[in-house]
Amino acid sequence: MDQKQESGVTNKTNQQLNKPNAEALLAWYDRHHRTLPWRVIPKDRSVGVVNDPYHVWMSEIMLQQTTVGAVKSYFEKFLTMWPTLSDLAAASEEDVLKAWAGLGYYSRARNLKKCADHVQLHHNGRFPDNAKALKELPGIGDYTSAAIASIAFDEEVPVVDGNIERIVSRLYHIEEALPKAKKPIKEKVAELTPSERPGDFAQGMMDLGASLCSPKKPACSLCPFSGTCEAEGIGDQERFPIKAPKKQKPTRYGAAFLIKRQEDGAIWLRQRPDKGLLASMSEVPSSDWFGKSAEKFELASALDHAPEGLEFRKLVGQVIHTFTHFHLVLDVYETTSTDSEPMNKGWWSEPQSLKDEALPTVFRKVVEMGLER
DNA sequence: GAAGCGTGGTA
DNA sequence: TTACCAAGCTT
């Protein structure tokens with residue numbers, strides 16, 4: 001296989017480009033791979049260290065739409081709390097949600113627990129060793145099934161995540177916009193994936209996408225695919241992948257009601273419904289959130305939504321938080337109580353136990369505002 | 001196929 | 001600062 005085009009030829013056209021090849025990527029990965037808590041690096045794999053499917057699965061679920069930096073501490077915490085699949089299967093969903101709090105996309109945590117239970121019960125505690133069977137499990141879709149199968153079981157199956165979509169759309173100058181481009185991209189990845197080390201190839205591609213082949217200002221001169229990349233050849237790398245424009249987020253408005261226990265400053269919490277946004281997570285008692293766009297929540301009417309029989313005072317400032325599909329602006333009201341149960345359905349959380357609650361970030365911001373004053 | 005579903009980092 | 005982005009899945 002030719003490694004390089006003739007010297008002296010600049011990449012103004014793609015006529016003389018060689019085909020991208022997996023060997024160049026694997027060689028780059030061997031030298032430049034990241035070292036990550038869930039990863040067995042090539043040097044160790046070559047002397048027989050194997051990937052633990054439980055670790056691979058755990059990391060892949062956590063990494064869905066989530067950065068490596070955010071995942072690391074959660075991965076370590078989960079493996080400390082539940083070292084094996086059977087430990088996790090023996091845990092309660094409540095404890096899993098508490099440990100997941102702050103990482104986002106909470107259906108992942110509920111599916112993580114469901115999946116552990118299912119594998120424990122129906123697969124004798126061992127993950128299926130191929131993508132097709134893995135995809136049947138809760139929380140495991142196209143990408144994750146392929147990733148686990150290739151990384152943990154060396155199955156030669158195309159792995160396509162956002163990084164790889166970007167790399168491949170550049171390598172092959174794919175003008176079609178996502179998500180329509182997914183099919184041709186997957187075909188190219190299948191073509192490119194080697195029968196040897198398919199898992200290292202997938203991880204290498206993702207490392208490349210996370211470093212050199214970045215969305216903005218890719219470092220093409222250092223890339224193992226340099227000279228074989230069609231987008232580089234036409235000098236138009238940043239334009240790919242082409243994506244449909246995104247809708248702008250509306251803003252919603254609401255109020256949250258902090259009830260502090262007089263004697264020790266404990267906060268009254270309650271559980272959210274088991275469907276929809278932040279399902280089954282904990283919350284500070286709150287109003288509904290109003291206003292698809294401009295229709296603003298009337299501040300004067302906020303107290304109409306307050307728990308009954310309590311006198312609230314409004315705190316200075318607002319909590320601003322952005323979810324996947326809308327911005328939220330919350331006014332925060334506060335009161336102190338000496339009741340053992342200021343409203344029905346809920347519980348007191350003492351200051352030192354708040355960190356262990358299944359409180360999403362938006363409500364941690366609310367509590368934080370109450371502590372500042 | 002489109003919409004719902006979190007969060008923190010970055011430019 | 002607003003907007004975008006990061007190892008997607010489910011309905």
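Chain A is the first sequence line, chain B the second, and so forth, proteins listed ahead of strands; every chain is numbered from 1. Remember, predicted model here, so these are calculated numbers, not experimental data.
To the nearest whole angstrom, the two P atoms, one in dG8(B) and one in dC9(C), are 22 Å apart. For the P atom pair drawn from dG4(B) and dA6(C), the interatomic distance equals 22 Å after rounding to whole Å.
In the set dC9(C), dG6(B), dG8(C), dG6(B) carries the atom at the smallest distance from any side-chain atom of Leu277(A). Among the nucleotides dA3(B), dA3(C), dC9(C), the one closest to the side chain of Lys247(A) is dA3(B). When distances are taken from the side chain of His327(A) to each of dT10(C), dC5(C), dA3(C), the shortest belongs to dA3(C).
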Next item on the list: Report the C-alpha distance between Tyr333(A) and Phe257(A) in whole Å, list the side-chain angles of each, state the deciding distance to 0.1 Å, and finish with yes or no for ring-ring contact (aromatic ring centres under 6.0 Å, His included).
Entry: CA-CA 5 Å; Tyr333(A) 292 79; Phe257(A) 301 97; 5.5 Å; yes
Checklist line | Derivation and outcome, salt bridge (Lys or Arg N to Asp or Glu O under 4.0 Å), residues Arg272(A) and Glu283(A) | finding: CA-CA 6 Å; Arg272(A) 292 176 61 81; Glu283(A) 68 172 1; 2.8 Å; yes
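Judged purely by atom type and a 3.5 angstrom limit, Asp207(A) has no side-chain atom pairing as donor or acceptor with the backbone of His33(A).
No donor-acceptor contact under 3.5 angstrom links the side chains of Arg108(A) and Gln64(A), judged on distance only.
An OP1 or OP2 oxygen of dG4(B) is reached within less than 4.0 angstrom by no side-chain nitrogen or oxygen of Ser107(A). The phosphate of dC5(B) (OP1 or OP2) has a side-chain N or O of His325(A) nearer than 4.0 angstrom. Not one side-chain nitrogen or oxygen of Lys216(A) sits closer than 4.0 Å to the OP1 or OP2 atom of dC4(C).
Results of the salt bridge (charged side-chain N to carboxylate O under 4.0 Å, His left out) test with Arg239(A) over Glu232(A), Glu230(A), Glu175(A) single out Glu175(A) as the only residue that passes.
With rounding to whole Å, Leu63(A) atom CG is found 14 Å from dA6(C) atom P. We find that CE of Met206(A) is positioned 13 Å from C1' of dG8(C), with the value rounded to whole Å. Separating the OH atom of Tyr143(A) from the P atom of dT10(C) is a distance of 15 Å, rounded to the nearest angstrom. Atom C1' of nucleotide dA6(C) and atom CD of Glu60(A) are separated by 13 Å, given to the nearest angstrom. Distance, Glu283(A) CD to dG6(B) P: 13 Å, rounded to whole Å. Rounded to an integer number of Å, the gap from Leu178(A) CG to dC4(C) C1' is 15 Å. Atom CZ of Arg108(A) is separated from atom P of dG6(B) by 9 Å (rounded to the nearest Å). In this entry the distance linking CE of Met62(A) with P of dC9(C) reads 16 Å, nearest Å.
Taking the six-membered ring where the residue is Trp, the centroids of Phe323(A) and His321(A) are separated by under 6.0 Å. For Trp268(A) and Trp347(A), the gap between ring centers reaches or exceeds 6.0 Å.
Within 4.0 Å (heavy atoms only), Trp100(A) reaches no atom of the nucleic acid at all. Here Val68(A) lies in heavy-atom contact (under 4.0 Å) with a base. Nucleic acid contact for Arg110(A): none, since no nucleic acid atom lies under 4.0 Å from a heavy atom of the residue. As judged by a 4.0 angstrom heavy-atom cut-off over every strand, Leu36(A) is placed among the base-contacting residues. Backbone-only engagement by Gly276(A) is indicated by non-hydrogen atom pairs under 4.0 Å involving sugar-phosphate atoms exclusively.
The two residues Pro218(A) and Glu238(A) have their closest heavy-atom pair at CD-CG, 3.9 Å.
Position along DNA chain C of the nearest nucleotide to Arg34(A) versus Pro138(A) favours Arg34(A) as the more 5'-ward residue.
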Which protein N or O atoms sit under 3.5 Å from an N or O of nucleotides 7-11 of chain B?
{"residue": "dT7(B)", "atom": "OP1", "partner": "Tyr106(A)", "partner atom": "OH", "Å": "2.7"}
{"residue": "dT7(B)", "atom": "OP1", "partner": "Thr361(A)", "partner atom": "N", "Å": "2.8"}
{"residue": "dT7(B)", "atom": "OP2", "partner": "His321(A)", "partner atom": "NE2", "Å": "2.7"}
{"residue": "dT7(B)", "atom": "O3'", "partner": "Gly102(A)", "partner atom": "O", "Å": "3.4"}

